[in-house]
Amino acid sequence: MESVAVKPSEVLRQANQEHLHRLRHTCSHVMAMAVQKLFPDAKVTIGPATEHGFYYDFDRREPFTPGDLKSIAKEMRRIIKANLPVVRQELPREVIRQEIDKLNEPYKLELLAAIPEGQPISRYFLGEPDHHPQPWWDLCAGPHLESTGQIHPDAFALESVAGAYWRGDEKNAMLQRIYGTAWETPEQLESYHLMLEEAKRRDHRKIGKDLHLFSIQEEAGGGLVFWHPRGAAMRNLIETFWKETHLAGGYELVSTPHVANLELWKTSGHNDFYRDSMFDTMEVEEQTFQLKPMNCPFHILIFKDTLHSYREFPLRMAELGTVYRFERSGTLHGLMRVRGFTQDDAHIFCTESQIKDEILGVLNLAEFILSTFGFAQYEVNLSTRPEKYVGEDAIWEQATAALRQALEAKGWAYVVDEGGGAFYGPKIDIKIEDAIGRRWQCSTIQVDFNLPERFDLEYVGEDGNRHRPIMIHRALFGSLERFFGILVENYAGDFPLWLAPVQARLIPVSDDHLPYAVAVAAKMKAAGLRVQVDRSGDRMAKQIRKAELEKIPVMAIVGAKEMETETLSIRSRKHGELGALSVATVVEKMLAAVGDRGWF
RNA sequence: GCCGAUGUAGCACAGUGGUAGUGCAGCCGAUUCGUAAUCGGCAGGUCACGAGUUCAAAUCUCGUCAUCGGCUCCA
């Protein structure tokens with residue numbers, strides 16, 4: 001399964017992106033033409049190219065079925081084989097408006113009205129415009145291929161039908177979106193399908209179930225995670241590592257409740273700005289309580305409980321804080337999108353002049369922690385002041401400059417998202433790249449000018465006067481649940497030794513060797529290794545098969561030979577049979593692999 | 001929440017109106033075995049849940065919940 005000649009992701013990377021974009025866009029027109037031929041009642045809307053293909057949204061009463069997709073694809077192949085020319089025609093607004101009117105396409109009229117004055121307006125025909133009857137055409141800016149024959153009839157596929165709102169707004173009509181994928185060659189399409197299979201093989205929901213890591217239970221409700229012993233063991237390892245690293249990095253650990261009086265959330269502004277994502281309140285002895293969607297107000301209360309001096313700054317407060325957010329049922333997805341999750345949260349209270357160094361410190365910590373889990377490739381975004389914001393311009397500029405300086409000092413390339421910041425401050429987001437090239441947003445670092453104001457935070461400065469501190473929110477994993485899901489998919493369940501919930505399985509050749517296996521296991525456990533003995537009485541080959549299916553990294557065969565010589569015959573999941581090694585050597589080598597966070 | 005699909009034993013699946021099935025896992029017994037499945041037996045299901053249609057419902061209808069693919073939103 002690992003030995004594909006050329007990695008599918010490589011094949012796809014070699015494709016000409018500009019050409020692919022045209023091809024996919026044209027493909028979406030071909031599909032729309034096919035759909036309107038087969039289903040004349042379908043109204044056209046928009047149909048752009050996407051990362052892997054294209055889609056087209058239609059307004060039609062009857063839903064498209066999988067069978068419909070087959071006939072649409074067939075019709076598309078016919079259009080491709082006919083090799084119709086793709087002809088662009090620019091027309092004055094009023095002329096094209098009348099043309100659209102004739103076709104009775106209300107969505108296109110709306111699109112036309114949205115095109116700014118002075119911009120050229122064009123349509124694209126599939127077929128010669130002078131031909132009678134007039135060929136199919138679509139209001140479109142282009143660009144496209146020159147003819148439908150340039151699409152390879154075996155390099156596209158229709159994938160699925162999904163609902164989508166007109167212009168992405170849920171107040172609007174629900175349209176039917178048909179997704180397709182399209183490539184230059186059948187080989188690329190094949191590679192794309194291999195990629196999809198690979199992603200499916202790594203799906204954390206499947207692996208999580210197969211390896212008994214976690215579950216989500218219908219009886220308890222969607223989006224609530226149950227960590228089973230093996231998953232919980234891994235989570236504990238991650239948490240321990242996180243806590244030790246933060247303590248070493250100058251953070252102090254705190255722990256706060258899961259609910260609080262609603263008044264707190266009114267002060268913080270969450271009750272106004274975040275209500276849609278919060279669970280309903282609960283009444284207790286005539287007071288109203290709220291399950292927490294964030295940790296920040298709690299850390300602020302700890303901060304406020306004493307008067308602070310600038311000499312204590314920067315003050316770094318960290319917590320693995322479990323929060324609950326109301327997510328609409330249709331959006332829940334395994335561990336990636338849940339209703340209760342644990343943020344690896346921290347809040348740094350500091351002065352303006354400390355922002356840069358603090359951010360740099362967070363970037364270094366993020367790099368250290370993420371790379372420990374095997375993530376060394378990042379995509380970094382810097383988001384600046386949006387249109388609606390709080391805080392003074394000068395301080396926004398100062399903070400944004402500090403973020404830039406920190407990124408530059410770190411030497412990381414980054415993309416600026418102008419106006420993409422939160423209303424309360426600028427931020428840096430870090431996306432990590434996994435083993436098959438997918439990117440996941442994890443870390444976020446946000447400067448906050450709002451909460452210190454709302455809670456009237458103060459510290460005593462060098463001058464003896466009260467000043468308002470700067471507050472930095474930051475999370476590195478983002479959410480432990482989500483990060484765990486990413487880890488599972490990144491490693492495909494083959495975890496490095498330090499994370500593997502069961503590091504070694506001792507396999508007795510027969511029951512005669514069971515006592516020896518138990519004794520050896522005790523020794524290995526005493527050395528701090530997570531070891532199990534297979535007591536099933538199954539044949540050796542069966543025991544090996546079970547251990548392989550459970551992706552246990554080290555198998556140790558125990559038989560007469562091994563008892564005789566006080567050795568273990570090691571079979572590594574990664575490297576196969578390694579022969580007989582003394583128990584002491586196995587322990588030593590395993591501990592070394594744990595130490596450098598590698599595999600055995 | 002919205003559009004579409006799905007829900008049968010711990011897991012993977014078969015079963016289109018007439019007494020719920022297969023494989024693996026589990027338990028029991030025999031086998032005591034050298035690098036990915038030993039053999040035999042037993043047990044296990046309110047067919048997601050709740051209504052309805054029918055002489056009869058896993059199967060048809062409606063509702064609820066959950067899951068899957070999307071939309072929207074996001075850690």
Side-chain angles (χ1 to χ4, degrees), chain A residues 50 55 57-60 62-66 68-69 159-179 200 203 205-206 209-210 212 215-224 274 276-277 293-294 321 323 325-345 429 431 440-444 473 475-486 507-514 536-550 555-562 569-573 576-580:
Chain A
T50 63
Y55 65 80
D57 288 346
F58 301 95
D59 188 7
R60 176 173 178 249
E62 290 283 300
F64 293 108
T65 66
D68 292 340
L69 290 194
E159 296 179 299
S160 61
V161 184
Y165 300 105
W166 168 234
R167 296 190 151 176
D169 187 335
E170 60 188 88
K171 290 189 208 82
N172 291 338
M174 174 68 73
L175 307 172
Q176 292 190 63
R177 175 170 298 177
I178 302 180
Y179 278 95
K200 204 171 169 191
D203 192 318
R205 293 167 298 187
K206 172 96 177 105
K209 184 176 270 188
D210 289 348
H212 310 293
S215 64
I216 292 167
Q217 312 254 356
E218 192 173 338
E219 274 179 275
L224 301 169
Y274 211 68
D276 288 349
S277 298
M294 289 194 191
V323 297
R325 295 184 187 173
F326 170 70
E327 298 286 354
R328 295 186 292 179
S329 51
T331 67
L332 301 175
H333 181 93
L335 294 180
M336 301 303 188
R337 189 74 180 275
V338 293
R339 284 180 173 159
F341 61 97
T342 303
Q343 292 182 309
D344 66 317
D345 212 353
D429 292 318
K431 285 183 190 160
W440 307 91
Q441 148 117 50
C442 289
S443 311
T444 176
H473 308 249
L476 307 182
F477 296 140
S479 130
L480 271 181
E481 284 73 8
R482 183 181 144 85
F483 186 74
F484 186 80
I486 296 168
I507 297 177
V509 173
S510 81
D511 282 351
D512 297 343
H513 315 116
L514 198 51
S536 65
D538 287 331
R539 307 174 100 88
M540 186 192 66
K542 178 70 172 291
Q543 297 183 53
I544 289 172
R545 179 179 156 78
K546 286 191 297 182
E548 290 285 2
L549 290 175
E550 291 176 52
M555 281 155 276
I557 314 305
V558 178
K561 279 185 294 185
E562 289 78 13
S569 284
I570 299 299
R571 174 180 163 127
S572 142
R573 180 162 162 82
E577 284 185 56
L578 300 178

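Naming: A, B, ... by sequence-line order, numbering from 1 per chain.
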For this session: Tell me, please, which residues at least two apart from A/D276 pass side chain to side chain contact (heavy atoms under 4.5 Å, CB included).
Result: none
Exercise. Considering heavy-atom distances to RNA chain B, does A/K209 or A/M540 have its closest nucleotide positioned more toward the 5' end?
Worked result: A/K209
For this session: Give the rounded distance in Å between these two atoms: NE2 of A/H473 and P of B/A75.
Result: 12 Å
Problem set entry | Any A/R328 side-chain nitrogen or oxygen under 4.0 Å from OP1 or OP2 of B/C2 | no
For this session: May I ask you to evaluate whether A/Y55 reaches the phosphate of B/G70, defined as a side-chain N or O under 4.0 Å from OP1 or OP2?
Result: no
Exercise. Is A/K542 near enough to B/A25 that one of its side-chain N or O atoms lies under 4.0 angstrom from OP1 or OP2?
Worked result: yes
Problem set entry | Nearest-angstrom distance from the residue atom CZ of A/R167 to P of B/C71 | 18 Å
Seminar exercise, completed: For A/D538, the side chain to side chain contact (heavy atoms under 4.5 Å, CB included) test, sequence neighbours excluded, returns A/S536, A/K542, A/Q543, A/K546
Problem set entry | Residue-phosphate contact under 4.0 Å: A/H333 side-chain N/O, B/G70 OP1/OP2 | no
For this session: Just jot down the side chain to side chain contact (heavy atoms under 4.5 Å, CB included) partners of A/D344, sequence neighbours excluded, or say none.
Result: A/W242, A/L320, A/R474, A/A475, A/L476, A/F477
Seminar exercise, completed: The residue, A/Q441 or A/V558, whose nearest nucleotide of RNA chain B is more 5′ is A/V558
Exercise. Can you check whether A/R571 has a side-chain N or O nearer than 4.0 Å to OP1 or OP2 of B/A36?
Worked result: yes
Exercise. OP1, OP2 of B/G1 versus side-chain N and O of A/S329: anything below 4.0 Å?
Worked result: yes
Exercise. What is the distance, rounded to the nearest whole Å, between atom CZ of A/F341 and atom P of B/A75?
Worked result: 8 Å
Could you give the side-chain donor-acceptor pairs of residues 329-336 of chain A under 3.5 Å, partners two or more places apart or in another chain?
residue	atom	partner	partner atom	Å
A/T331	OG1	A/R328	O	2.7
A/H333	ND1	A/R205	NH1	3.4

Atom pairs, N/O to N/O, protein against nucleotides 58-65 of chain B, distance under 3.5 Å?
residue	atom	partner	partner atom	Å
B/C65	O2	A/E218	OE2	3.3

Seminar exercise, completed: In this structure, CG of A/D210 is separated from CD of A/E550 (nearest 0.5 Å) by 10.5 Å
Polar-atom pairs under 3.5 Å, protein N or O versus N or O of nucleotides 29-32 of chain B: list them with distances, or write none.
residue	atom	partner	partner atom	Å
B/U32	O2	A/D511	N	3.0
B/U32	N3	A/D511	OD2	3.4
B/U32	O4	A/D511	OD2	3.3

